[in-house]
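Reviewing the structure listed below.
Computed from a predicted structure; not experimentally measured.
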Amino acid sequence: QVQLVESGGGIVQPGGSLTLSCAASGNIASRSAMDWYRQAPGKQRELVALMTSAGTTRYRDFVKDRATLSRDNTTGTLYLQMNSLKLEDTAVYYCHYSDFQGRHYWGQGTQVTVSS
């Protein structure tokens, strides 16, 4: 089993910044490929950014140049720093991991609200 716990969400004004954390535990290597997704009210869950096991990062266009993924390779904690936040970034942000058997693991999510 794998447990993912997100934290770091909150209420922030447009243009502000937040850093989200995803603490992974259980049967997961500290350098596993992991992703961040988000789901806004009334919308489907969408991929935001991913980090491969080698540390390569990829970002969706809507957060490119505003988001930075990083990982503590000792603890396996994945971080998503988001800058210049926009109203449309308001969503629940989820950490995701898929193991080699194709099983998907999700955290409980952390709410990010961008509001003036």
Q. Can you list the residues that meet the side-chain hydrogen bond (donor to acceptor under 3.5 Å, both in side chains) rule with Thr77, with sequence neighbours excluded?
A. Thr75
Q.
Rounded to the nearest 0.5 Å, what separates atom CG in Leu18 from atom OG1 in Thr113?
A. 9.5 Å
Q. Rounded to the nearest 0.5 Å, what separation is found between the CG atom of Leu69 and the OG1 atom of Thr56?
A. 11.5 Å
Q. Can you list the residues that meet the side-chain hydrogen bond (donor to acceptor under 3.5 Å, both in side chains) rule with Glu46, with sequence neighbours excluded?
A. Arg38
Q) Going by the side-chain hydrogen bond (donor to acceptor under 3.5 Å, both in side chains) test, which pairs reach into residues 4-29, not counting sequence neighbours? A) Gln3-Ser25, Ser17-Asn83
Q. Could you give all pairs that pass the salt bridge (Lys or Arg N to Asp or Glu O under 4.0 Å) test and reach residues 69-87, with sequence neighbours left out?
A. none
Q | Contact list for residues 57-88, test disulfide (SG to SG under 2.5 Å), sequence neighbours left out | A | none
(Q) With rounding to the nearest 0.5 angstrom, report the CD to OG1 distance, Gln81 to Thr68. (A) 5.5 Å
**Q.** With sequence neighbours excluded, residues passing salt bridge (Lys or Arg N to Asp or Glu O under 4.0 Å) with Asp99
**A.** Arg103
Q | Partner residues of Leu4 under the side-chain contact (heavy atoms from CB on, under 4.5 Å) criterion, sequence neighbours left out | A | Val2, Cys22, Ala24, Met34, Cys95, Tyr97, Tyr105
Q. Does anything in residues 60-80 pair up under ring-ring contact (aromatic ring centres under 6.0 Å, His included), and if so which pairs, sequence neighbours excluded?
A. none
Q: Please report the shortest heavy-atom distance between Ala67 and Leu80, naming the atom on each side.
A: CB-CD1, 4.0 Å
Q: Return the set of residues passing side-chain hydrogen bond (donor to acceptor under 3.5 Å, both in side chains) with Arg31 (not counting sequence neighbours), or none when no residue passes.
A: none
Q) If every non-hydrogen atom of Leu87 is compared with every non-hydrogen atom of Ser115, which pair is closest and at what distance? A) CD2-CA, 4.1 Å
Q: Using the test ring-ring contact (aromatic ring centres under 6.0 Å, His included), find all partners of Tyr59 that sit at least two apart in sequence or belong to another chain.
A: none
Q. Given a cutoff of under 4.5 Å between side-chain heavy atoms of I, L, V, M, F, W and Y, with clusters grown through shared members, what are the other residues clustered with Tyr37?
A. Leu47, Leu50, Val92, Tyr94, Trp106
Q: Name all residues meeting the side-chain hydrogen bond (donor to acceptor under 3.5 Å, both in side chains) criterion together with Arg66; count only those two or more places apart in sequence or in a different chain, and write none if there are none.
A: Asp89
Q) Taking Ser98 for the side chain and His104 for the main chain, is one N or O donor matched with an acceptor at less than 3.5 Å? A) no
Q. With side chains defined as the heavy atoms from C-beta onward, is the minimum distance between Thr90 and Gln111 less than 4.5 Å?
A. yes
Q.
So for atom CD, which belongs to Gln44, do other residues, nucleotides or ligands contribute more than 12 heavy atoms lying within a distance under 6.0 Å?
A. no
